[in-house]
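Quick notes on the structure that follows.
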Protein chains: 2
Amino acid sequence: MESTFGIIAEPNRRAILSLLAFSERSVGEIEHQLRMPQPSVSKHLRVLREAGFVEARVDAQRRVYRIRAEPLMEIDAWLVPFRRFWSAHVDALERHLDRVDRVRPGKRKKR
Amino acid sequence: MESTFGIIAEPNRRAILSLLAFSERSVGEIEHQLRMPQPSVSKHLRVLREAGFVEARVDAQRRVYRIRAEPLMEIDAWLVPFRRFWSAHVDALERHLDRVDRVRPGKRKKR
DNA sequence: AAAGTAGATTCCATTACAGGTATATACTTG
DNA sequence: CAAGTATATACCTGTAATGGAATCTACTTT
């Protein structure tokens, strides 16, 4: 059930990936930089590893994790058919990000 | 909670979006083309709408849904830092830098 | 106005998943 | 070998999200 897209639905996992995008890191480094409990880091890394987003290199007692491209490419590929909706006007993202940062104004979901 | 990324974790929702990438469609059209129960389609469309992925145009008793670009752009933007892992101009040097270019406070000694 | 059509909403049951805590494993150093 | 460090795993629990079925609302046609 955990598809490629399901994996990156989790904010802490995205944070880990974004951190690893800069450079590879050990579990402890991730733990400190993201300030999350070690078991949590290990569990997320396991999920990411089993889904192919990262791979680990063993260095004594530590494991150094790094990005693997393939699953991210899959997401990128899924996005392709949608690019035509914005390749024209790039600045709409800023407007969108502004909107979601505010507390959502009710879109008449309740009455 | 349901972030932009959480929304597209659901396979049926991705199917709906991919369908709408071709052209706008009514609920009934989505229902038949994807062969899913109508309440399910409506519920997913609601989630997509509230997250800004789609918007609806009213046409008598039917509602015609179409793609909105912004949330998809947000995903595309998140992917940017990872592109270097697979784009053509990534060469051996860049991969090498991934390993060594960290200048961190070294709190451990070398082996 | 009654019947028909399109879509939305509610309720319910199930399940999957993330967080927390405790513990286990593996390697290293004194 | 004992102690310490780094990471992984197991267990438990609460929550949130999904699917199904029934029902409701709105618009249209005759």
Side-chain angles (χ1 to χ4, degrees), chain A residues 1-17 19-20 24-51 53-66 104 106-111, chain B residues 1-17 19-20 24-66 71 102 104-111:
Chain A
M1 187 145 182
E2 284 281 18
S3 74
T4 301
F5 291 85
I7 304 292
I8 59 164
E10 219 290 322
N12 294 305
R13 272 187 310 253
R14 287 201 304 281
I16 291 173
L17 289 175
L19 193 58
L20 295 180
E24 57 174 35
R25 277 166 162 93
S26 71
V27 177
E29 288 168 339
I30 297 169
E31 180 189 344
H32 292 123
Q33 301 199 26
L34 300 184
R35 296 185 178 172
M36 41 189 303
Q38 177 269 317
S40 183
V41 173
S42 279
K43 279 190 281 189
H44 286 307
L45 282 171
R46 157 124 98 147
V47 174
L48 289 169
R49 187 175 1 103
E50 288 177 348
F53 281 85
V54 300
E55 61 189 351
R57 168 168 62 85
V58 175
D59 170 34
Q61 330 94 300
R62 69 178 65 110
R63 311 220 169 158
V64 180
Y65 282 85
R66 61 170 169 272
R104 282 172 197 270
K107 329 181 153 179
R108 73 180 181 81
K109 45 180 180 186
K110 284 219 120 152
R111 76 235 95 119
Chain B
M1 330 216 168
E2 281 283 16
S3 74
T4 302
F5 291 85
I7 304 292
I8 60 164
E10 219 291 320
N12 294 306
R13 277 192 301 257
R14 287 201 304 281
I16 292 174
L17 289 175
L19 193 58
L20 295 180
E24 53 173 38
R25 291 188 204 221
S26 70
V27 176
E29 287 168 339
I30 297 169
E31 179 188 346
H32 292 122
Q33 300 199 28
L34 298 184
R35 296 189 177 169
M36 44 189 302
Q38 178 269 316
S40 183
V41 174
S42 279
K43 279 188 283 188
H44 285 307
L45 282 171
R46 154 122 99 146
V47 175
L48 289 169
R49 187 176 359 103
E50 289 178 347
F53 281 85
V54 300
E55 60 189 351
R57 165 167 62 86
V58 175
D59 170 33
Q61 332 95 296
R62 68 177 62 117
R63 316 233 160 144
V64 180
Y65 282 85
R66 63 170 167 273
R102 286 182 296 155
R104 307 172 308 92
K107 58 168 73 163
R108 63 178 202 272
K109 62 176 194 171
K110 297 271 185 180
R111 19 159 216 97

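Residue numbers begin at 1 in each chain, while the letters A, B, ... track the order of the sequences. Computed from heavy atoms alone, side chains included, the values below leave out hydrogens, waters and symmetry copies.
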Using nucleotides 19-21 of chain D, report all nitrogen or oxygen pairs with the protein that are shorter than 3.5 Å.
| unit_1 | atom_1 | unit_2 | atom_2 | d |
| --- | --- | --- | --- | --- |
| D:dG19 | OP1 | B:Glu10 | OE2 | 3.3 |
| D:dG19 | OP1 | B:Asn12 | ND2 | 2.9 |
| D:dG19 | OP2 | B:His44 | NE2 | 3.0 |
| D:dG19 | N7 | B:Lys43 | NZ | 3.4 |
| D:dG20 | N7 | B:Lys43 | NZ | 3.4 |
| D:dG20 | O6 | B:Lys43 | NZ | 2.5 |

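- Taking B:Glu24 as the reference, B:Arg57, B:Val64, B:Arg66 meet the side chain to side chain contact (heavy atoms under 4.5 Å, CB included) condition, with sequence neighbours excluded.
- B:Ile16 places none of its side-chain heavy atoms less than 4.5 Å from the side chain of B:Val54.
- Considering only residues two or more places apart in sequence or on other chains, A:Pro39 meets the side chain to side chain contact (heavy atoms under 4.5 Å, CB included) condition with A:Pro37.
- Nearest heavy-atom pair across A:Val47 and A:Ile7 is CG1-CD1, 3.5 Å.
- Between the C1' atom of D:dT18 and the CD1 atom of B:Ile7 lies a distance of 13 Å, rounded to the nearest Å.
- Taking A:Arg46 as the reference, A:Arg49, A:Glu50 meet the side chain to side chain contact (heavy atoms under 4.5 Å, CB included) condition, with sequence neighbours excluded.
- The interatomic distance linking B:Glu31 (CD) with C:dA8 (P) rounds to 11 Å, in whole Å.
- Between the P atom of D:dA8 and the CG atom of A:Asp59 lies a distance of 13 Å, rounded to the nearest Å.
- Atom CZ of A:Phe5 is separated from atom P of C:dA16 by 21 Å (rounded to the nearest Å).
- For the OP1/OP2 pair of C:dT5 and a distance below 4.0 Å, the side-chain nitrogens and oxygens of B:Arg62 include no atom meeting the criterion.
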At a cut-off of 3.5 Å, list every protein nitrogen or oxygen paired with a nitrogen or oxygen from nucleotides 2-4 of chain D, distance to 0.1 Å.
none

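- Considering only residues two or more places apart in sequence or on other chains, B:Arg14 meets the salt bridge (Lys or Arg N to Asp or Glu O under 4.0 Å) condition with none of them.
- Minimum atom distance to the side chain of A:Val27 is reached by D:dA8, of the listed C:dT10, C:dA8, D:dA8.
- Taking five base pairs at each end of the helix from C:dA1-D:dT30 to C:dG30-D:dC1, the local helix axes there meet at an angle of 10°, rounded to 10°.
- When the side chain to side chain contact (heavy atoms under 4.5 Å, CB included) test is applied to A:Ser42, the partners found at least two apart in sequence or on another chain are A:Val27, A:Gln38.
- Partners of B:Gln61 by side chain to side chain donor-acceptor pair (under 3.5 Å), not counting sequence neighbours: none found.
- Within the 4.5 Å cutoff, the side chain of A:Leu48 has no heavy atoms near those of the A:Tyr65 side chain.
- When distances run from any side-chain atom of B:Ala60 to the nucleotides D:dT9, C:dG7, D:dT28, the shortest one goes to D:dT28.
- For the pair A:Ile16 CD1 and D:dA8 P, the interatomic distance rounds to 11 Å; values are reported in whole Å.
- Contact between the side-chain N/O atoms of B:Arg63 and the OP1/OP2 oxygens of D:dA26 is not found at any separation under 4.0 Å.
- At C:dA18, one or more side-chain N or O atoms of A:Arg13 fall inside 4.0 Å of OP1 or OP2 (strictly under the cut-off).
- Looking at residues two or more places apart in sequence or on another chain, you find a side chain to side chain donor-acceptor pair (under 3.5 Å) between B:Arg13 and B:His44.
- The CD-P distance, from A:Glu50 to C:dC17, rounds to 12 Å in whole Å.
- For B:Tyr65, no side-chain nitrogen or oxygen approaches OP1 or OP2 of C:dA6 to under 4.0 Å.
- Atom-to-atom, CD1 of B:Ile8 to C1' of D:dA17 comes out at 16 Å; the value is rounded to the nearest Å.
- Here the closest non-hydrogen pair linking B:Met36 and B:Ser40 is CE-OG, 3.2 Å.
- Residues B:Leu34 and B:Val41 form no side-chain contact, since every pair of their non-hydrogen atoms from C-beta on lies 4.5 Å or further apart.
- Between A:Gln38 and B:Glu29, the residue anchored closer to the 5' end of DNA chain C is B:Glu29, taking for each the nucleotide with the nearest heavy atom.
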